[in-house]
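The next block holds one structure in the form of structure tokens; read it before the comments.
Note that this is a predicted model, so its numbers are computed, not measured. Throughout, protein chains are lettered first and strands after them, A, B, ... in sequence-line order, and every chain is numbered starting at 1.
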Number of protein chains: 2
Amino acid sequence: MLADLGIIFFFVFKEFIATMATIYEVSKLAGVSLATVSRVMNDNARVSDKTKQKVVDAMTTLGYRPNATARSLASNRSDSVGILVSELHGPFFGQMMAGIESELRAAGKHVIITTGHSEEEKEKDGIEFLIGRNCDAIIAHVEAVSDEYLLELNKGKVPVYLMSRHVDGMEDKCISLDNEVGGYLATKALIDRGHKDIAYIAGPQFKADASNRLLGHKRALIEHNIEFNESLFYIGDFKETGGNDGLRHFIKQKIPFSAVVCANDEMASGAMKYAREHGYHLPDDLSIIGFDNVIFTNYLYPTLTTVDNPVNEMGHMAAKLVLTDVYKKKKLKIERVFEPTLIERNSIARLS
Amino acid sequence: MLADLGIIFFFVFKEFIATMATIYEVSKLAGVSLATVSRVMNDNARVSDKTKQKVVDAMTTLGYRPNATARSLASNRSDSVGILVSELHGPFFGQMMAGIESELRAAGKHVIITTGHSEEEKEKDGIEFLIGRNCDAIIAHVEAVSDEYLLELNKGKVPVYLMSRHVDGMEDKCISLDNEVGGYLATKALIDRGHKDIAYIAGPQFKADASNRLLGHKRALIEHNIEFNESLFYIGDFKETGGNDGLRHFIKQKIPFSAVVCANDEMASGAMKYAREHGYHLPDDLSIIGFDNVIFTNYLYPTLTTVDNPVNEMGHMAAKLVLTDVYKKKKLKIERVFEPTLIERNSIARLS
DNA sequence: AATTATTTTGTAAGCGCTTTCAAAAATAGA
DNA sequence: TCTATTTTTGAAAGCGCTTACAAAATAATT
């Protein structure tokens, strides 16, 4: 008798380790049909308490774990949403992913993350990978792919939501920041503090946020009768090097300027570093403002005045949108366009 | 005739948009069997050039895209590897994920990322999610789960690789940093510059890297006949607040100290900030050293001397390990234990 | 107790692909 | 030309689940 038990236990254990138990074994052990086991797994259909208990018991003794692939194939849903970001590193995407993930996980959904590297082919690849993976929805931060492609995609059966991007014709699927206002805010902050000779280090102009920030910058200049000076304009790469290179470029021009607005914080920190290394005392000799309010701005010296981009919140919001639209959760408050705000710190000097 | 073509085109287009074409439609259009279509998809078995061409043509006209879920279910592999990290944000995990992803993507594999939040239940959840997803391998950075659990897991059919962790009995599956040496290096750097009263802000001691760094610290002290002082020891949370709180704690003790080693850079930056806010001039009044060499250390003021943790490289290496073991790629040079190095910057003052 | 309505269960047909095995076709050997 | 090999193809049985649909069991109604 004891020996028998031993054998049974060994068998069960073996099963657990080697070949994961399937629904079939559960149904056999519980003495019910496959359908019934499936029902208790999904607890949507009514199963009597008695049989449900039998099934649950069988599951635990077998250490049963549903095969997500099979479920997904059979049911055509996967309880997971795909995320496409440009990069896995960097504070911006980190915050975004974290926001999305925590909201979804709280709702029992999983995320599948992949990258697009801001290249058209890779972005398409990534999207198609996620579609092939049977994601219930996709939240994408795509930069290289065209609006037309996205509109076409939007006709497909898997809903695609866009982060930090606005596409006409799919407004209800877009979570975006009003970058134009942000750009305006940054430049206005400088102007309000007496600056007139303002340089601008932009981001790659094919990226909508970059070009919109520039638009806001120009509007602020126009409103204050300051002429836009091509010599004080540089297009960077949204990385530290861009800040470096931009500032070097401006200095070479031999045109005086008292401030530089950088289209993101990475470039601002690059510019700050370059300035400091070249004898500038910040912010007295040069005022710098960034954009995004990425975590490290608070640790720069001087601390960086910047424009807040609530990317974590936006991540949460994108997830809520998916929960509402796709998973039919009720009562989530949705907000699609976020307003940037100025974060005042110590990198701007007041002139005169 | 033209009308017919129109109808056909419409049909094809419709198919593409509404229901993704399946292997069945491809086989029909190409006039071959399902098996043959499958063969050209996987181009492993021999198919004559002529039929292969027919199949490829059919695929492109239909815009066929294989269903990864179905493939995975039928073949029991998925060409994707699961990654489990503690958090999606933060420079440490960002670099790690990026390293793994770029290496794998170059080899045509995809990653599925999920999080464990350093909590035992969530880590197990994450692992099981990845197993359920049919990952060909898992690369995990787990902190809360026990060695025993991992050893048990290691008997299962999906291979699990560990980042920044060493577990006896699965050495060949671990990529780790020699944290003890790193801890030693940090403290020794301080001692070499004349410091004797050295405070230590540790990380959560259940995390192996944290406790090993502390071990190295103690070894450096012993080797130089400096007594370990409990009053100058604080266990932080590996976040900025830990640095803050730790330094506040030390100051309250009213025991003199000239330097503090922080078990990671986040805490170091917290400590620096707290010190500056409380009138310390850095590094003259207080020397600080960090650990990890996270991206922003270079932007702190003063720039932070720290110990490099080549986490991006380690990510690459973990991926190479998987490529070698699981996907049978040849000729990849594998290195399992990484040596930390000292990165000298400006946060340490030389005493006397 | 007989009939009807309701709830609980089981049967079986897929989901879109892979893969074994055997048959058919092409090629080589004699 | 005929047989023996080798290469190319197809038929069909899954992979582990879900989900109509129908049958069986139970409860409600008369």
Side-chain angles (χ1 to χ4, degrees), chain A residues 15 18-56 58-59 62-80 128 131-136 157-158, chain B residues 15-16 18-55 58-59 62-80 128 131-136 157-158:
Chain A
E15 276 293 311
T19 16
M20 217 55 184
T22 71
I23 197 177
Y24 178 75
E25 279 117 44
V26 174
S27 88
K28 209 156 130 190
L29 182 60
V32 300
S33 71
L34 297 185
T36 300
V37 177
S38 175
R39 285 182 186 108
V40 348
M41 281 178 54
N42 297 289
D43 63 26
N44 42 20
R46 292 162 312 274
V47 178
S48 75
D49 289 350
K50 205 173 46 185
T51 50
K52 178 182 288 182
Q53 194 54 50
K54 280 194 297 187
V55 172
V56 170
M59 282 176 169
L62 288 176
Y64 172 72
R65 172 158 316 289
N67 178 320
T69 307
R71 299 184 75 179
S72 173
L73 181 62
S75 68
N76 208 28
R77 38 183 175 62
S78 63
D79 282 337
S80 52
E128 289 172 352
I131 293 176
R133 275 287 168 183
N134 240 311
C135 292
D136 298 331
K157 76 169 197 279
V158 20
Chain B
E15 276 291 313
F16 177 68
T19 15
M20 218 53 184
T22 71
I23 197 178
Y24 177 75
E25 280 118 42
V26 174
S27 88
K28 209 156 129 191
L29 183 60
V32 301
S33 72
L34 297 185
T36 300
V37 177
S38 175
R39 285 184 186 109
V40 348
M41 283 180 53
N42 297 290
D43 61 28
N44 41 20
R46 295 161 310 273
V47 179
S48 75
D49 289 350
K50 206 171 48 184
T51 50
K52 179 183 285 181
Q53 193 54 51
K54 281 194 297 185
V55 172
M59 282 175 168
L62 288 175
Y64 172 73
R65 172 159 315 291
N67 179 320
T69 306
R71 299 184 75 178
S72 172
L73 180 61
S75 68
N76 207 30
R77 37 181 175 63
S78 63
D79 281 336
S80 51
E128 289 172 352
I131 293 176
R133 277 285 168 185
N134 239 311
C135 294
D136 297 331
K157 76 169 195 281
V158 21

Can a donor-acceptor pair be found, under 3.5 Å and without considering hydrogens, that links the side chain of B/Asp136 to the backbone of B/Ser78? yes
Do any N or O atoms from the side chain of A/Glu25 and from the backbone of A/Thr22 form a donor-acceptor pair under 3.5 angstrom? yes
Between the two ends of the helix from C/dA1-D/dT30 to C/dA30-D/dT1, what is the bend in degrees, rounded to 10 degrees, where each end axis spans five pairs? 40°
Between CG on residue A/Asn42 and CZ on residue A/Arg71, distance to nearest 0.5 Å: 4.5 Å
If only side-chain N and O atoms of [X] are considered, is one of them under 4.0 Å from the OP1 or OP2 phosphate oxygen of [N]?
X        : N      : value
A/Arg133 : C/dG16 : no
B/Tyr64  : C/dC17 : yes
A/Arg71  : D/dT19 : no

Side chains of A/Arg133 and B/Ser80: is there a donor and an acceptor less than 3.5 Å apart? yes
Indicate whether any N or O donor in one side chain lies under 3.5 Å from an N or O acceptor in the other, for A/Ser72 and A/Thr69. no
Side chain proximity check, A/Met59 to A/Met41, heavy atoms < 4.5 angstrom: yes
State, yes or no, whether a side-chain contact exists between A/Val55 and A/Val32 at a heavy-atom distance under 4.5 Å. yes
Using the rule given for side chain to side chain contact (heavy atoms under 4.5 Å, CB included), can you reason through A/Val37 versus A/Tyr24, listing the C-alpha separation, both sets of side-chain angles and the distance that settles it, and then say yes or no? CA-CA 9 Å; A/Val37 177; A/Tyr24 178 75; over 6 Å; no
Nucleotides 8-15 of chain D: protein proximity per nucleotide (B base, S sugar-phosphate only, - neither; heavy atom, under 4.0 Å): BBBB--BB
Contact class for B/Asn76 (heavy atom, under 4.0 Å): base, sugar-phosphate, or nothing? nothing
